[in-house]
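Comments concern the structure below.
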Amino acid sequence: MKASNMFAPTLREVPADAEIISHKLMLRAGMIRKTASGVYTYLPLAWRSIRKIEEIVRQEMDAKGGQEVLMPAVQPAEIWQESGRWNVYGAELWRVKDRNGRDFCLGPTHEEMISMIFRNDVRSYKQLPQLWYQIQTKYRDERRPRFGLMRSREFIMKDLYSFDLDEAGLDKSYNLMYDAYNRVFTRCGLNFRPVEADSGAIGGKGSHEFMALADAGESAILYCDTCDWAATDEIAGREPLPVEPEEMLPMEKVDTPSCGTVEDVAKFLSLPTNRIVKTMYYKADEQLVIVLVRGDRRINEIKLQSLLGCNELELADNASLSTGGQKVGYLGPVGVDKIKIYADNEVPLMYNVVVGANDGERHLLNVNYQRGDFRIDQTADLRYLEEGEQCPHCQGHVKLARGIEVGQIFKLHTKYSDSLHVNYTAEDGHERPVVMGCYGIGIGRTLAAVIEQSHDDDGIIWPMPVAPYQAVIIPVNDRETELVNTAENLYTELIAAGVEVVLDNRQERAGVKFKDADLIGYPVRITVGAKALARGNVEVRLRQNGEMQEVAVAEVKSWLQDYIAAEIAKCSIN
RNA sequence: CGGGAUGUAGCGCAGUUUGGUAGCGCAUCUGGUUUGGGACCAGAGGGCCGCAGGUUCGAAUCCUGUCAUCCCGACCA
């Protein structure tokens, strides 16, 4: 590619709406442009990198026996109604109507579609297992698109679906994908970590997320500083630690004026926050429930929602509380009889706790569940694990990091085969539901994650396997024909050798070309200048560390080929 | 969904308070000088001031509505 004709509109200034580094750099390097909120056009440089990531994904999927298909982005409402998700998915499902008013959606994912295909054409156990995948544009009408390709409404995603005879087959498929994902992200040059995860709206039990570690990440992950346990904050939890028994003191009601929060109460009573029990009213599908948690803990609404099995969960507003004369900040479980009470596992073990008195600005001291002071209908792990707590699996301690979710793998079991009646005929002649798994990779998000992890003040530093081009040749002065000719010849030779190289033949001063080269992030820069050329050399500079060396013109091709091969090898497994 | 902010040239912004017919930097084009880290001089082109309505002799500016974009929050009792 010659830069004079390359469409890479680099910017000196960043558009004001870019917030994180990868978004800014992709805009500045002329890789993407915004078309609407959360909808982007991929310009040539971004598209080249995207295709490289896709290719890595294809190779690793194929290596596990995956077969690529392409399904429609537009899906009829009927199949979503059949699975029940038309109503469950919520506002993020991008619904559209055709000219006749028929309902469709732009697919956020393709479980329904692929299940239909399977249902129509696969009958026998002899045809299993199957691993089908697709790479395509998907849609989620995000409540708040942000951070460029990181959280967009239209995005490119690889989804693979596995169909197995039984759980053992699913485990095998799942493990194949677990391995494939490690290979994919390693080959993309990412610093990542697989973590135990919640399966969310897609459903099913058993899931890992692949997290690229980055401060700009939207997910929090907890990991052990000693063993290799790691999980998202959404599901991380542990059994309560044993509590020292105490003498149960008589319950007492005290005035606690203007103490609206746990911190206020703790301060007012000179007690640590872990001696208090928080009482939270939630509205779960319009049903009021109470949730109790230790004062210094945070309720994990994802855990709560999956326990309650409700579609919508929100904290109750003041209006729905005031009926009983209760006051936010002074709520408690004592004396409550009509509302179901859920408690985090730690709560029933606690002695002499403080709770709201449900009586003006007062709290109750020395409340003991074990004495029967209040009722709990169900206990469960309902809180977030916090940094610094003991690891759930060893004596180590929990650390917190941020990550970008670039992939997730799920065991769906028979969730969709049951609702959509996806069966096969087993060896014994009976119909059985097929056991499914699904495995996603956010292609654009992976690209963003790479940049997020690999850049400096001047621009992007591409890992070789996903760089849009491997090298750039810069003749330093375009009036000197010897420089220009050498650069041209080198370019022709490298192209013939299969090197992905750009010749920056623009009528620009050297400084402009250097700045653009750094911004775009070509891994190797070949500078053709008079001084070195007098010695028969060109300068070769590495983007990743700025190292510069002279290489004889005749040696450049083999030098580059070696370097590229070595860099790609650095990002490979085995 | 709630709150806040912003929409003026491709990008970044000023002008709005106090209404008088639109400006700066970068980018673009032309000519010249320059040529190893975003050059300089001279000139030029480019804007329905988000959109719609209203007030006014006159609106980027005031009023109403609407759309879009961005940020923060989405309840810790």
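Naming convention: chains lettered A, B, ... in sequence-line order (proteins, then strands); numbering from 1 in each chain.
- When distances run from any side-chain atom of A:Arg509 to the nucleotides B:U34, B:G37, B:A74, the shortest one goes to B:U34.
- Within the shown strands, B:G43 is the pairing partner of B:C29 under the Watson-Crick or G-U definition, both distances less than 3.5 Å.
- Within 4.0 Å of A:Arg541, counting heavy atoms only, lies at least one base atom of the nucleic acid.
- At the heavy-atom level, A:Asp478 lies nowhere under 4.0 Å from the strands shown.
- Within the 4.0 Å cut-off from OP1 or OP2 of B:A27, at least one side-chain nitrogen or oxygen of A:Arg12 is found.
- Contact check, A:Ser37 against B:C70: a side-chain N or O comes under 4.0 Å of OP1 or OP2.
- Note on A:Ala530: a base of the nucleic acid sits closer than 4.0 angstrom, heavy atoms only.
- Shown here, B:G73 forms a base pair with B:C1; the pair counts as Watson-Crick or G-U wobble because both key distances fall under 3.5 Å.
- A salt bridge does not link A:Glu480 to A:Lys531: none of the charged nitrogens lies less than 4.0 Å from a carboxylate oxygen.
- If you check every strand for non-hydrogen atoms under 4.0 Å, A:Val14 touches sugar and phosphate atoms only.
- Looking at A:Glu500 and A:Arg48, a side-chain N of the basic residue comes within less than 4.0 Å of a carboxylate O on the acidic one, giving a salt bridge.
- When heavy atoms are screened at a 4.0 angstrom cut-off, A:Lys513 is found touching no nucleic acid atom at all.
- Among the protein residues, A:Gly356 comes within range of no part of the nucleic acid, since none of its heavy atoms lies under 4.0 Å from any strand.
- Within the 4.0 angstrom heavy-atom criterion, no nucleotide atom of any strand lies near A:Arg383.
- Salt-bridge check for A:Arg362 with A:Asp359: passed, with a basic side-chain N closer than 4.0 Å to an acidic carboxylate O.
- In this model, the phosphate group of B:C75 is not approached by any side-chain N or O of A:Lys283 to a distance below 4.0 Å at OP1 or OP2.
- Spacing between B:A74 and B:A22 at atom C1', rounded to whole Å, works out to 42 Å.
- Between A:Lys303 and A:Asp344 there is no salt bridge, since none of the side-chain N atoms of the basic residue sits less than 4.0 Å from a carboxylate O of the acidic one.
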